[in-house]
Structures are given as C-alpha cells and as structure tokens.
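Below, all heavy atoms of this structure are taken into account, side chains as well, without hydrogens, waters or symmetry copies.
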Amino acid sequence: YTDVTESTVFLALLGPEVFLIAEKLTSLDFMDPGKKSPFLLQGPFCHVPCQIVSLDNSADGKGGVLLTCSRGYGDSMVSAVLEAGAESGLRPAGEYRFSSWIQGLQG
C-alpha cells in the first residue's frame, strides 16, 4: 500500500531582513500598516500556495514569519528561500533558535 496522508512543511524565517527576503519570493504585503502582528496571510510564496503568519512586523527589525505548505514543495521551497536570503546571510537553524526568538518577543 502507499500512504498518501497529507503532510505539511513548516518554515520559520526570523531576523531583521526577513521582509527584504520575502519581497523576493512573494507579492504579499507583510508590512501593511493596517495589520497588527500576529496576522495570517494566504497566498503564493515562491509560487506555492501557503498559509503564512506574520509574528512580528514592527519597525525595530526583529521580523518573523511562519509558513506552511504541502510537503511536496519542501525541498524547492527551502532551496528558494536560502538562495533569496544568501546575500543577507540567511542560514538554517533549528528549534532552539526559534524558541529563543519567541522568548525574546515575550519579554
């Protein structure tokens, strides 16, 4: 048998240049002054249907978005994000880095 259970990829993009990187990959407006973080956007990111949560779009440069998409796009999504963020020094990190970032938002 073949397991066809739907799964998702979960990515977090964090840091002061996250929205500059996102501008290369989507036309969604993360800096809309009418939206207060956290907020949800649905639309294409790297031409892939995604659900994206902007966790912090404040002017202080913390920046953070979470995005999910179908797991079949995982490899190409990660490659595109890392390529778009190369000049900004974007690099892979793990759960510890994400947890530290969230704790920093909480005070």
Side-chain angles (χ1 to χ4, degrees):
Y1 83 96
T2 301
D3 181 5
V4 293
T5 305
E6 186 65 30
S7 294
T8 57
V9 170
F10 174 83
L11 295 174
L13 301 175
L14 312 171
E17 297 194 19
V18 71
F19 298 113
L20 295 174
I21 295 166
E23 283 180 351
K24 297 177 182 181
L25 301 168
T26 186
S27 62
L28 296 173
D29 186 4
F30 294 99
M31 299 305 290
D32 180 352
K35 296 187 189 304
K36 181 174 169 14
S37 294
F39 60 88
L40 173 71
L41 294 171
Q42 293 191 133
F45 196 92
C46 298
H47 306 286
V48 174
C50 292
Q51 292 184 325
I52 307 162
V53 176
S54 178
L55 292 176
D56 184 17
N57 66 347
S58 59
D60 64 8
K62 290 183 181 178
V65 296
L66 305 176
L67 61 100
T68 63
C69 66
S70 179
R71 73 177 178 184
Y73 296 106
D75 287 342
S76 57
M77 177 72 73
V78 170
S79 293
V81 169
L82 289 174
E83 183 179 322
E87 68 185 66
S88 299
L90 182 69
R91 62 187 189 283
E95 184 179 353
Y96 177 77
R97 174 67 182 106
F98 176 71
S99 297
S100 298
W101 185 84
I102 288 291
Q103 289 174 356
L105 285 181
Q106 295 173 346

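How far CG of Asp29 is from CZ of Phe19: 10.0 Å, rounded to the nearest 0.5 Å. Atom CG in Leu67 sits 5.5 Å away from atom CG in Leu13 (nearest 0.5 Å). Between atom CZ of residue Phe39 and atom CG of residue Asp32 there is a gap of 7.0 Å, rounded to the nearest 0.5 Å. Rounded to the nearest 0.5 Å, atoms OH (Tyr73) and SG (Cys50) are 9.0 Å apart.
Each side-chain hydrogen bond (donor to acceptor under 3.5 Å, both in side chains) pair with one or both residues in residues 74-94, not counting sequence neighbours, appears once here: Glu17-Ser88, Lys24-Glu87.
A single hydrophobic cluster is not seen to contain both Val81 and Leu20; linkage of ILVMFWY side chains at heavy-atom distances under 4.5 Å, directly or through other members, places them apart. Residue Leu14 is grouped with residue Leu40 when hydrophobic side chains (ILVMFWY) are merged at heavy-atom distances under 4.5 angstrom, including chains of intermediate members.
Considering every non-hydrogen atom in both Leu41 and Lys35, the closest pair reads CD2-CE, 3.9 Å. Here the shortest heavy-atom pairing between Val65 and Val18 reads CG2-CG2, 4.1 Å. The two atoms that bring Gln42 and Leu28 nearest to each other are O-CD2, 4.3 Å, heavy atoms only. Between Gly74 and Val9, the shortest heavy-atom distance links the atoms CA-CG2, 3.6 Å. In plain terms, the two heavy atoms of Phe45 and Ala22 that are nearest each other are CE1-CB, 4.1 Å. Considering every non-hydrogen atom in both Phe98 and Ala12, the closest pair reads CD1-CB, 3.8 Å.
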List the steps, then state whether side-chain contact (heavy atoms from CB on, under 4.5 Å) holds for Gln51 with Thr8. CA-CA 11 Å; Gln51 292 184 325; Thr8 57; over 6 Å; no

